[in-house]
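Structure first, commentary second.
Computed from a prediction, not measured in an experiment: that's the story for all the values here.
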Amino acid sequence: MYHSVGDPMDDPYRVTVSPARLDRQLRWLRGHGLTGVSMTELLRARELGRAAGLVGLTFDDGYADFTEHALPLLRRHGCTATVFALPGLLGGANDWDRPGPRKPLLTADGIREAARAGMEIGSHGLLHRDLTTADEETLHRETHHSRTLLRDITGRAPEGFCYPYGTVDPRAAEAVRTAGYRYACATGAGPLTGMYALPRVHIGERDTTWRLRVKRALHPLRRPRTPRAHRAQREDR
């Protein structure tokens, strides 16, 4: 789970990784026989029993620096990723992070550039709202309408959703499912862990080689049994 790629010095939330650090992290992955892929590719590979050596890479919030810094590095290392964008804030800024630096978000052209480069585009909602406190109308717009807008931008309806702030409850998960998404990402593991609340590992500027080793070793302990859940979910449709 990545966020912004740029200067990490002025970031009280520690969600920014420098291009140099990202380059070293991707080099570490490749050096250990691992390939970064989008979430959809990872889940499909797991369903077929072919996920060995694959790692899902995600970039939350749809920062504009993804195309400037992350995309060239992903290409260099032969990786893809999922970008969770905010189609209701195209060309806007991360106003939900206060205090903290204002960072520009992807425009429609930036989203299309990432998609053309082979990146998966997922929804992070419409306006970065906490779905667990949203009323019914807001919940519908954040899930359904954001999916429609991203489909209009890329020509393809997104398969994945990412909960803003990582907050999820049964009502939010059901809204995401009924909106047509095939999976959703949360942050940590919890009682809803599964295809609509996939846990992820935060990766930041402090994650050097030894920290990556530890996180890789610990993650299977919190990973859900997604292949079986994915098949059941497909059979229900």
Side-chain angles (χ1 to χ4, degrees), residues 1-4 13-15 17 36-47 51 54-62 81-86 94 96-97 120 122-136 138-144 146-147 158-204 206-207 211-237:
M1 178 176 60
Y2 287 96
H3 289 77
S4 175
Y13 304 104
R14 295 180 177 176
V15 297
V17 60
V37 297
S38 71
M39 287 301 300
T40 288
E41 183 175 348
L42 176 64
L43 292 171
R44 288 175 176 167
R46 289 190 68 186
E47 184 180 82
L54 301 183
V55 177
L57 300 180
T58 60
F59 289 79
D60 291 11
D61 299 336
T82 299
V83 181
F84 290 113
L86 292 156
N94 58 328
W96 61 87
D97 279 339
E120 178 187 13
S123 174
H124 201 32
L126 196 64
L127 300 171
H128 205 279
R129 300 275 176 81
D130 184 342
L131 300 191
T132 63
T133 61
D135 58 36
E136 289 301 319
T138 299
L139 187 59
H140 186 274
R141 287 178 57 80
E142 291 289 319
T143 55
H144 287 74
S146 67
R147 191 167 191 255
E159 295 191 21
F161 188 91
C162 176
Y163 300 101
Y165 306 105
T167 55
V168 55
D169 61 12
R171 176 170 162 266
E174 178 61 15
V176 170
R177 187 189 72 80
T178 58
Y181 299 95
R182 300 187 62 183
Y183 73 88
C185 288
T187 50
L192 296 178
T193 290
M195 284 302 297
Y196 287 96
L198 293 168
R200 296 174 295 164
V201 177
H202 167 72
I203 303 295
R206 297 189 300 169
D207 287 312
R211 286 174 62 95
L212 291 177
R213 288 199 191 100
V214 171
K215 289 186 173 183
R216 182 188 180 190
L218 293 178
H219 185 61
L221 301 178
R222 45 188 255 152
R223 186 179 63 201
R225 295 176 62 85
T226 53
R228 181 179 299 174
H230 197 195
R231 285 196 294 269
Q233 184 261 335
R234 287 184 64 185
E235 292 168 0
D236 288 342
R237 289 192 176 278

### Message
Distance check, rounded to the nearest 0.5 Å: Arg200 atom CZ versus His202 atom NE2?
### Response
11.0 Å
### Message
Within the 4.5 Å heavy-atom criterion, are Lys215 and Ile203 side-chain neighbours or not?
### Response
yes
### Message
Could you walk me through whether Val168 and Val176 satisfy the side-chain contact (heavy atoms from CB on, under 4.5 Å) test, starting with their C-alpha distance in whole Å, then the side-chain angles of each, then the deciding distance to 0.1 Å, before giving a yes or no?
### Response
CA-CA 10 Å; Val168 55; Val176 170; over 6 Å; no
#### Entry: Between CG on residue Asp169 and CD on residue Glu174, distance to nearest 0.5 Å
11.5 Å
### Task
Applying side-chain hydrogen bond (donor to acceptor under 3.5 Å, both in side chains), name anything that partners Arg171, two or more places apart in sequence or on another chain.
Glu136
### Query
Which atom pair, heavy atoms only, marks the closest approach of Pro170 to Leu192?
N-CD1, 3.6 Å
### Message
For a quick test of reading the model, state the closest non-hydrogen atom pair linking Ala186 to Gly166 and the distance between them.
### Response
CB-O, 4.4 Å
#### Entry: From CA spacing to verdict: side-chain contact (heavy atoms from CB on, under 4.5 Å), Leu42, Tyr183
CA-CA 12 Å; Leu42 176 64; Tyr183 73 88; over 6 Å; no
### Query
Which distance, rounded to the nearest 0.5 Å, do you find between the CD of Glu159 and the OG1 of Thr40?
4.0 Å
### Query
For Asn94 and Tyr13, what are the C-alpha separation, side-chain angles and deciding distance, and is it a side-chain contact (heavy atoms from CB on, under 4.5 Å)?
CA-CA 12 Å; Asn94 58 328; Tyr13 304 104; over 6 Å; no
### Query
Does Arg213 have any salt bridge (Lys or Arg N to Asp or Glu O under 4.0 Å) partners at least two apart in sequence or in another chain, and if so, which?
none
### Task
Enter the distance from His144:NE2 to Ser123:OG here, rounded to the nearest 0.5 Å.
11.5 Å
## Note on the structure
What one should report as the nearest heavy-atom pair of Ala189 and Pro199 is N-CB, 3.7 Å
### Summary
All heavy atoms of Tyr181 vs all of Thr143, minimum pair found to be OH-O, 2.7 Å
#### Entry: Charged tip of Arg147 within 45° of Phe161 ring normal and under 6.0 Å
no
### Message
Under the side-chain contact (heavy atoms from CB on, under 4.5 Å) test against Phe84, which residue among Pro164, Cys185, Pro158 passes?
### Response
Cys185
## Note on the structure
Residues Leu43 and Met195: closest non-hydrogen pair is CD1-CE, 3.8 Å
### Query
With a 4.5 Å limit on heavy-atom distance, are the side chains of Met39 and Glu120 in contact?
yes
### Task
Measure the acute angle between the ring planes of Tyr165 and His128, then classify it against the limits of 30° and 60° as parallel, tilted or perpendicular.
perpendicular
### Message
Apply side-chain contact (heavy atoms from CB on, under 4.5 Å) to residues Tyr163 and Thr187 and explain how you reach the verdict.
### Response
CA-CA 8 Å; Tyr163 300 101; Thr187 50; over 6 Å; no
### Task
Any chance you could measure Asp60, atom CG, to Leu86, atom CG, to the nearest 0.5 Å?
9.5 Å
### Query
Counting N and O atoms only, with roles assigned by atom type, does the side chain of Thr167 sit under 3.5 Å from a partner on the main chain of Thr132, one being a donor and the other an acceptor?
no
### Query
Roughly how far, to the nearest 0.5 Å, is the CZ atom of Arg211 from the CZ atom of Arg206?
5.0 Å
### Message
How close do Leu131 and Ala172 get, counting heavy atoms only, and between which atoms?
### Response
CB-CB, 3.8 Å
